[in-house]
Structures are given as structure tokens and as C-alpha cells.
Amino acid sequence: MPEILTVLTTIDSEEKARALAAGAIERRVAACAQVGSAVQSFYRWEGAVQSDPEWQVLFKTTAARYDALEAYLREAHDYDVPEIIATPVVRGGEDYLAWVAEETA
């Protein structure tokens, strides 16, 4: 079974989040993408504390497709420094994990 990852990003509108999700599925760099509701992000940028609403997008992919997913996110994202965080899936339903691998092959 290939190594499976979840990959998280955030973006500043629901429309853009949906576009990122759909684009990743169309390109087969992720098997599934979930767009969450708005979250309030607090961060320091260019020396000042900022606070903005953002939408989280969680992708499911394989480690073998991570580089392609990251390249897609960097190309499609309009942030200077997009959040892109990959987390290994240490356990999961074998049939679901096999489906993720199949959909990203």
C-alpha cells in the first residue's frame, strides 16, 4: 500500500477554495478534497499582526503525488507564501486508502 497523505492549505475565499479543490481532482493530484467553512486566521506578516477569514482545503493524496500537488497549489494559489502542510496518514480503512492510491495513479 502506498503512503497516503493529507495536505492542508488555506485561501481567502470560498470560491477560490472550491476552485483549488476541483483543479486538484481534475489533475489527479488528489483523490478527494474537502472545503471547510470559514476560519479566522491570525498571523504576523511584514512585521504586523494580521487577522483574516480563510477557507481550509484538505486534500487526500499519495506521497508519490505530493510534489505534483504542491506544484499545482503553488501555481494556482495567489498567496505569496501559501500554507501547504502534509501529514502522513498512519492508519485508515484499507479500502479507502486503496481508492486514494487508485484515483491518483
Side-chain angles (χ1 to χ4, degrees):
M1 178 71 62
E3 182 183 359
I4 305 297
L5 305 173
T6 60
V7 179
L8 176 69
T9 194
T10 55
I11 196 154
D12 61 359
S13 78
E14 183 176 6
E15 181 181 334
K16 291 177 186 177
R18 289 175 180 272
L20 284 178
I25 304 308
E26 289 168 4
R27 288 167 179 76
R28 299 185 79 92
V29 296
C32 176
Q34 297 168 318
V35 175
S37 58
V39 296
Q40 192 68 26
S41 293
F42 294 82
Y43 55 96
R44 185 176 304 279
W45 184 253
E46 297 179 346
V49 174
Q50 307 287 325
S51 176
D52 293 297
E54 294 186 298
W55 281 256
Q56 293 182 332
V57 187
L58 185 65
F59 303 90
K60 282 70 164 218
T61 193
T62 60
R65 294 296 281 154
Y66 173 80
D67 288 340
L69 175 57
E70 182 180 340
Y72 161 71
L73 291 174
R74 289 188 179 282
E75 169 195 318
H77 213 295
D78 58 3
Y79 286 11
D80 292 339
V81 181
E83 174 182 20
I84 304 172
I85 299 174
T87 304
V89 174
V90 296
R91 292 188 66 168
E94 192 172 310
D95 52 348
Y96 181 80
L97 301 181
W99 174 79
V100 170
E102 181 182 316
E103 288 300 312
T104 56

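- Shown here for Pro82 and Tyr79, the closest heavy-atom pair between the two residues is CD-O, 3.7 Å.
- Phe59 places a side-chain heavy atom less than 4.5 Å from the side chain of Leu69.
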Which pairs of donor and acceptor atoms, one on a side chain in residues 20-35, lie under 3.5 Å apart (sequence neighbours left out)?
from: Arg27; atom 1: NH1; to: Gly23; atom 2: O; distance (Å): 3.1
from: Arg28; atom 1: NE; to: Glu103; atom 2: O; distance (Å): 3.2
from: Arg28; atom 1: NH2; to: Glu103; atom 2: O; distance (Å): 3.2
from: Gln34; atom 1: OE1; to: Lys60; atom 2: NZ; distance (Å): 2.7

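- Both Ile84 and Tyr72 are assigned to one and the same hydrophobic cluster, defined by single-linkage of ILVMFWY side chains at heavy-atom distances under 4.5 Å.
- Every residue two or more places apart in sequence or in another chain that forms a side chain to side chain contact (heavy atoms under 4.5 Å, CB included) with Ser51 is listed here: Gln40, Phe42.
- Residue pairs meeting the ring pair (Phe, Tyr, Trp, His ring centres under 6.0 Å) criterion with at least one member in residues 6-39, sequence neighbours excluded, do not occur.
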Can you list, pair by pair, the side-chain donor-acceptor contacts under 3.5 Å of residues 4-19, counting residues two or more places apart and other chains?
from: Thr9; atom 1: OG1; to: Glu83; atom 2: O; distance (Å): 2.5
from: Thr10; atom 1: OG1; to: Glu54; atom 2: OE2; distance (Å): 3.4
from: Thr10; atom 1: OG1; to: Glu83; atom 2: OE1; distance (Å): 3.1
from: Asp12; atom 1: OD1; to: Lys16; atom 2: NZ; distance (Å): 3.0
from: Ser13; atom 1: OG; to: Lys16; atom 2: N; distance (Å): 3.0
from: Glu14; atom 1: OE2; to: Arg18; atom 2: NE; distance (Å): 3.3
from: Glu14; atom 1: OE2; to: Arg18; atom 2: NH2; distance (Å): 3.0
from: Lys16; atom 1: NZ; to: Asp78; atom 2: OD2; distance (Å): 2.6

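- In this view, Tyr66 and Glu70 satisfy the side chain to side chain donor-acceptor pair (under 3.5 Å) rule, not counting sequence neighbours.
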Can you give me every donor-acceptor pair (side chain of residues 93-102, partner residue at least two apart or in another chain, under 3.5 Å) with its distance?
none

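- Applying the ring-ring contact (aromatic ring centres under 6.0 Å, His included) rule to Tyr43 yields no partners; only residues at least two apart in sequence or on another chain are considered.
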